[in-house]
Every structure is written in structure tokens, then in C-alpha cells.
2 protein chains.
Amino acid sequence: MYFSDLCRKIGDSQFIRMYQESNKKISSCRDCKVKSCAAAVLHAAEIDLVNENSRETSFKKGDIILHEGSMTSHIIYLKSGLVKEYQKGPGDKEQILQIIKKYTYLGLPSLFGDRVNHYSYGALEDITVCYIDLNIFNQLIRQNGNFAFEILVSVSRDSLNNFHRFMSQSQKKTYGRVADALIYFSRIIYENDVFEIPFSRQELADLIGISRESATRVLSKFNDDGILRLSGRTIEIVNPELLGQISKNG
Amino acid sequence: MYFSDLCRKIGDSQFIRMYQESNKKISSCRDCKVKSCAAAVLHAAEIDLVNENSRETSFKKGDIILHEGSMTSHIIYLKSGLVKEYQKGPGDKEQILQIIKKYTYLGLPSLFGDRVNHYSYGALEDITVCYIDLNIFNQLIRQNGNFAFEILVSVSRDSLNNFHRFMSQSQKKTYGRVADALIYFSRIIYENDVFEIPFSRQELADLIGISRESATRVLSKFNDDGILRLSGRTIEIVNPELLGQISKNG
DNA sequence: ATTTAAACGTGCTATTTATCACATTTTATC
DNA sequence: GATAAAATGTGATAAATAGCACGTTTAAAT
């Protein structure tokens, strides 16, 4: 393994910044096809400012993008791929807070707080991200009210989503929670009844807040009952109505 | 019970607005001693604008301020007293999301989303709030970047706090969760080792996500072990170190 | 002050779910 | 493609916690 690979594995942001500096900018933010909806309200001059203070980078599956506890100088915008946001709990048990899909800023709440990353971010697939200088980002918020508003909408949506998951976990039993997670993947993440999850059963369990064995068992049960069709990490939801029922009943 | 009392009990915002209209404004926002830290960045003209489009109202203990699912035309700023933010889960089980103390806007995330209140808010004590017209509020965010930034900080802090509670609930067992809640009250809400909670054991359990009986039992255990001194709803934390230890170990 | 209702504490039991152990399958590596 | 390593599935068991029942205390209403 190369040194650069190692640095990415362990989420060494110092190196990642160096790497960015050395990485030639190939395209302009003006031409970027995947810029955030918030960026739509920026003026041409503001976009150029972002252009001069941002850098595109990619990570490989399994890489750690950010480590909880680390300090931040840049905000990260996810341009493609899936990322898990997680924390280590007592006994190094990993709690996955959410699966994040493209076109999302990572860890906005941390940025407006103490600038310490409260969560870790790991790449579930090969991904591309954009690093944007935090001072520039903050400047844009203060000088462009519409941009501020869009970011506020984004943070708010995130907050509500997470509340929803919180409710699911504290009020529902194992079956209901697994059902919720499956519905979430099919509706929000993949927008399809068939999908292949890029993470292990253990990670699924860490997301739902149950044990690996329980996750396996519930999935098998759903498979036997004809609600799902399982094949490794590929999941097909055969009976969404019944799944919704299970979610609803807790 | 008077009609007005009934309306307050059930959180009838229609009536509450009428009530506000009829209620003479006694003081100006300029002189208000409890305005939000965000308001500190407003210009005099902006404060006057808020002044003309806001109204102070009070609620009695037990009143419902807002009902989940209702639409909003005003944002509510809590000037004094404690409020619970909650949702009804399957089987009408109440999940309390957080206890909110004064100098806080209620339900900001809902306002920047679909304008539907996702949670209910109930007064745990007699409280005073300020209703501010939502359009004016949004206008201020767009035209005053510093104000937007402060609101963003507020929403972010809230989001992080709730993530913290989420982690506590999904990773920790009953004892750890109760310990967390007690530490939260003493450090964040009351800033004192002795405090009197203005809510029942059932509500405490609903906040922690456990049964009433379990809450009672854990508190009794802590009392017997000399960690707490209990007397009805008055709680004295005698041994904060040990409590911290219990929280840490899950 | 008396009555009524709500909140609280506690033993017992049932249920849920984690944990352990180990067989089996899949994936990665050279 | 052989071998090692990681991930997965499944039964048995233990631990944690909810639910129930009921007696007691506290608070509210008239």
C-alpha cells in the first residue's frame, strides 16, 4: 500500500490537503454539472471565488474521509457515491447515523458549531468530493442571503430526517426498524424497489442500532414471508405494502 | 373552563392568533430584555419591523403551544419557562424529543422545510413566548447575512444536541440513559446539582425512551446507592463523578 | 376538609433481543 | 486457482426490559 493510500485510509486530512494542492484543477466551478442547489443562487463573481478556493478529490471504497474529533478548514461537498456518517460508542461499537448520498454537504452542523467534526465519514463506494474553503463558505453565507437560506433549508431537512430516524429507533422494535431502513433505501437513496447495498450486514445493523445476528434473522424472515427477495447484498422489495404495515405497527 | 382556556389546551393556533391580535402590545422589541442572540445583529429599522409584526403571549402549565401536523404562519420564540417537544408514536406512545429552555426558537427546522410543524410543543410550566411573523423572519434572514448566520448556528447546535441524545439512546442501556438525562438537566437546563423537574416520571421515561416502571426503578437504585437524593420531583445529584462513570460505561 | 383522581413504587412474569459458539459461504490475496 | 480471511447464517442461552397487577402516596377539585 502506498503512503497516499494509507493517509486516505486513516482520514489524514493534513495529507489530503497537500494532495489537493498538488492536484491540478481540471475544470471550473462555472462548468460543474453537480454543484449544489444552494450554489444556484450565487452570482458569477461568487462562483469564481469558490472556484479559486476549492478542489476536487476522490476517495476509494473503504477510505475514511474525515475522522471524528478532527478540526476542519474546508467544507466537503459530496459529488458522487455513498458515504456513511458514524460515531464510535462505548466499547468501540460503531453507530452509523446516516447514509449520505450525492449532492450533499458533509457535516454542516459541525461547521457552524465549534468547527470540530463530531462524526466520522467513510466512503462506502468510490466517491468524488469537493473541498471548499470554510472561510469563503462562511463569507458567502453572510453576504448572500439567498445562499444562507438554501443552506438553512439543507440543514433543516437533515435535522428532520434524523429526528425521524431517532423516533424510529426509540419507538419501534427490531422488525419495524429494519422495515424503516429498507423503505428508506428504496425510496430515498435508490428510488427503486431493487437495490444493492454497498455495505455489510454488520453495517446495516450499526445503522439500525441492533445486533448483526438480529439483522440477519429479520431479513431472512422477511425473505421467507415473501416480503423481500434476498441475494447477498442485493435486495428486492416484493411487497412494499406489507413492509409499510410492519413499519407502521412498530 | 373558559373557551379561551380550551383553545390553549388543545393548541388551537387559529384562536391563539386572534387572541394575540386583541392583546395590546405593551412594550417594544427595542426594549425587550430577552431578545435572541440572533437579534443582536439586527439594525434598528429591522427591529422595528419585528416589533410591528410580533406579539407576546403567555401559556399556562399543561397548555399545548403547537400541535404536530399544524401549519405555521409565525415563528415562536420562548422567552421564559420550560417546554417539551414531542411526537406521538405507534399506540399513542409519547416520545419526548427534548426539553427546551428559554431563549430558544421553537421548531426552526420545520419552518425551513415544508412549514408543517413536525412536533408538538407543550408548556411544562407557565411560559411566555413571542410570535413573530414567518415572512418577516425569512425576509430578515435573506437581507441580513449575520442574522442568517446566527440562526444557522442555532439550528446546528440543536441538531448536534439531538444527535448526542440519539447516540445515548441507541448505544446505551437504561442506567446510562437515565444518567445522561440527569446530567443534562443539571448541566444544561438548571446549571445546578439540585433541581425540581416540572414533569412526571412518565414524562421522564418518555424522554429517555424507557418505561415508567424502569425509570422509577433506576432512580430508586441511584438513590439507594447514594448517587442521588430523591424527594418527589426534587433531585439532588450527590455523586456526579459516579453518575458520569455510569453514563460513560453505557 | 373531604373526596376523587392522578401519579408513584414494587414484585412478578413474559417478551424481546443480545451474546456466544460454530458451521458455511463469500470475498480477497498472492 | 489455492489459501487465507472476512462475512454470513443459525441454534441455544442469558440478560435486559417491558407489561401487568396492585397497594400507596400525592395532588387536584369542590
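Lettering follows sequence order; numbering is per chain, from 1.
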Q | N/O donor-acceptor pair under 3.5 Å between B/Lys101 side chain and B/Ser80 backbone | A | no
Report task. If the plane angle is over 60° it's perpendicular, under 30° parallel, otherwise tilted; pick one for A/Phe195 and A/Tyr190. Result -> parallel
Is it true that A/Glu94 and A/Lys84 have a side-chain N and a carboxylate O under 4.0 angstrom from each other?
-> yes
Where does the angle between the aromatic ring planes of A/Phe59 and A/Tyr131 fall among parallel (under 30°), tilted (30 to 60°) and perpendicular (over 60°)?
tilted
The first and last nucleotides of DNA chain D lying within contact of chain A, meaning any atom under 4.0 Å from one of its heavy atoms, run from D/dA7 to D/dA12
Original post:
Does A/Lys79 come within less than 4.0 Å of A/Glu56, counting only side-chain N to carboxylate O?
Top reply: yes
Subject >> Side-chain donor-acceptor pair present, B/Gln98, B/Glu85, cut-off under 3.5 Å >> reply: yes
query: Given the rule in the ring-ring contact (aromatic ring centres under 6.0 Å, His included) test, do A/Phe185 and A/Phe199 qualify, once you have shown the distances and angles that lead to the verdict?
result: CA-CA 12 Å; A/Phe185 290 133; A/Phe199 46 82; 5.4 Å; yes
Can you pull every protein N or O that's under 3.5 Å from an N or O on nucleotides 7-9 of chain C?
from	atom 1	to	atom 2	distance (Å)
C/dC8	OP1	B/Arg233	NE	3.3
C/dC8	OP1	B/Arg233	NH2	3.4
C/dC8	OP2	B/Arg201	N	2.8
C/dG9	OP2	B/Arg201	NE	3.2
C/dG9	OP2	B/Thr216	OG1	3.4
C/dG9	N7	B/Arg212	NH1	3.0
C/dG9	O6	B/Arg212	NH2	3.2

Assert: residue with more 5' nearest nucleotide on DNA chain D, out of B/Arg217 and A/Ser214, is A/Ser214
Taking five pairs at each terminus, the helix from C/dA1-D/dT30 to C/dC30-D/dG1 shows an axis bend, to 10°, of 70°
A/Lys172 atom NZ is separated from C/dT15 atom P, nearest whole Å, by 23 Å
To the nearest 0.5 Å, atom CD of A/Gln202 lies from atom CZ of A/Arg212 at 6.5 Å
message: Counting the atoms with a prime plus P, OP1 and OP2 as sugar-phosphate, which does A/Ser211 contact under 4.0 Å by heavy atoms, base, sugar-phosphate, or nothing?
response: base
>> A side-chain contact here means heavy atoms from C-beta on lying under 4.5 Å apart; do B/Phe166 and A/Asn162 qualify?
In response: no
dist A/Leu97:CG -> A/Leu207:CG (nearest 0.5 Å) comes out at 9.0 Å
